[in-house]
Amino acid sequence: MNILLLGSGGREHAMAYKIAQSKRCDHLFIAPGNAGTASCGINVNLDISDFGKVGEFAVSHGVRMVVVGPEAPLVAGIADHFANTPALAHIMVIGPGKAGAQLEGSKDFAKAFMARHKIPTATYRTVTAKTLREGFEYLSTLQAPYVLKADGLAAGKGVLILNDREEAKQALKEMLMDAKFGKASEKVVIEQYLSGVELSVFVLTDGKHYHILPTAKDYKRIGEGDTGLNTGGMGSISPVHFADKAFMRKVEERIVIPTIKGLIHDQIPYKGFIFAGLMAVPCEGGYDPYVIEYNVRMGDPETESVFPRIESDVVELFEHVWAGDLQHTTLSVSHNAAACVMMVAEGYPGSYRKGDVIHGLEDDDLPQESLVFHAGTKTNEKGEVVTNGGRVICVTSMAESMPSALLRTYQYLDHITWKGRTYRHDIGQDLLKMMM
Ligand code: AMP
């Protein structure tokens, strides 16, 4: 069948790489894609927020399946647009409708969902400009640090963690009264701070049945030792060693099953990925999982370490997601560890240059075990691959152990260069230390 994948980052390159391997895939289109996705299929210059145009393209190119990479089209209702348009209703859309996408589109919705379905998460209070005083009072019942979250999508920037209560009050006021994050902060969730170790758990579901995909950990801060500004992600590893059988049993029983049952109970159909950002909080004999956030799509850069480990045909899995019989499939996962390191443009996540020529991509002598996924790249008029974003290219390597996978990735990075490229040298090191 012909498949259309929406998105343009490293996540989409990793997904395109797996989709293109499927025996069920004839033509793969990626909209808009990047210089890397062009090696897996045909890039299409489409505005993916224009659902009318996406639908027209799908019909004129005989597309049978649309896989949605990023959250914005899901939150804006692309799956509903396809379902409610007679000419498009037969097309399988992998990604939830607007109702399900609220799990990511509104923190208040997600917290109320978790409270309703008894899913472990930080205690919270949602406030608006009208109830600012209540917000101040709630803050005075909490201990530092204070967590403030803009309700809506804020490009990953809407969460503030502050050590001082007065500062927290001031920030809350700015979010609600001065629209610090625009419409996204018309409501603010104030939350109890949880300390522990973060990890990401991904679920593929047809709304009733599910597979839990490999666990991963991503590294969000720009600086070594997790310091400095937040980024879209500087690297990821999979699996996460402390997410052992006992921990994953808790995740399944306390989080995955209640989430799916909650969706069924609330009559929210859901066909796609659920990403649970978890805090593993130390407890006697191990860790207890708490949900920090839901996302309604795969994570980036977690996809770049999770997808290469999936051995099953992902398109076949997607077909069963659509058919609602995912229980008839098995998920096969490589026992190898995967390590992904993202290379970024100088200055990122502040201002950075675009258009620098990237060298080393065509080198035939490069080791086969490593995969190069493009994030912010494009091909210029001269046919050169150039930087086109802050996060530019990542390398994922697989090996029998995490240290070997990391070593392979770091050795490979030296082959790919451009003016001012940087990366973090400590991806995975925190977990390796925990293992010792
Ligand atoms: P979110 O966008 O909700 O994932 O939040 C961004 C980051 O803020 C998370 O990845 C955590 O590192 C941190 N964070 C969010 N909520 C909490 C919390 N309740 N306790 C501790 N850290 C948090």
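Both ligands and their constituent atoms are indexed starting at 1 by order of listing. Starting from 1, each residue takes its place in the sequence as its number.
- With respect to the salt-bridge test (charged N to carboxylate O, under 4.0 angstrom), the residues K354 and D356 do not qualify.
- Cation-pi geometry between K169 and F136 is met: the NZ or CZ atom falls under 6.0 Å from the ring centre, inside 45° of the normal.
- Among T128, T131, D108, the single residue meeting the side chain to side chain donor-acceptor pair (under 3.5 Å) criterion with K187 is D108.
- Cation-pi geometry between K111 and F109 is not met: the NZ or CZ atom fails to fall both under 6.0 Å from the ring centre and inside 45° of the normal.
- Ring geometry for Y287 versus F242: interplanar angle of 30 to 60°, hence tilted.
- Ordered by chain and residue number, the residues placing a heavy atom less than 4.0 Å from ligand 1 are K107, A122, V147, K149, V159, I161, E191, Q192, Y193, L194, E198, K220, M279, I292, E293.
- Residues F57 and F29 place their aromatic rings such that the two centres sit under 6.0 Å apart.
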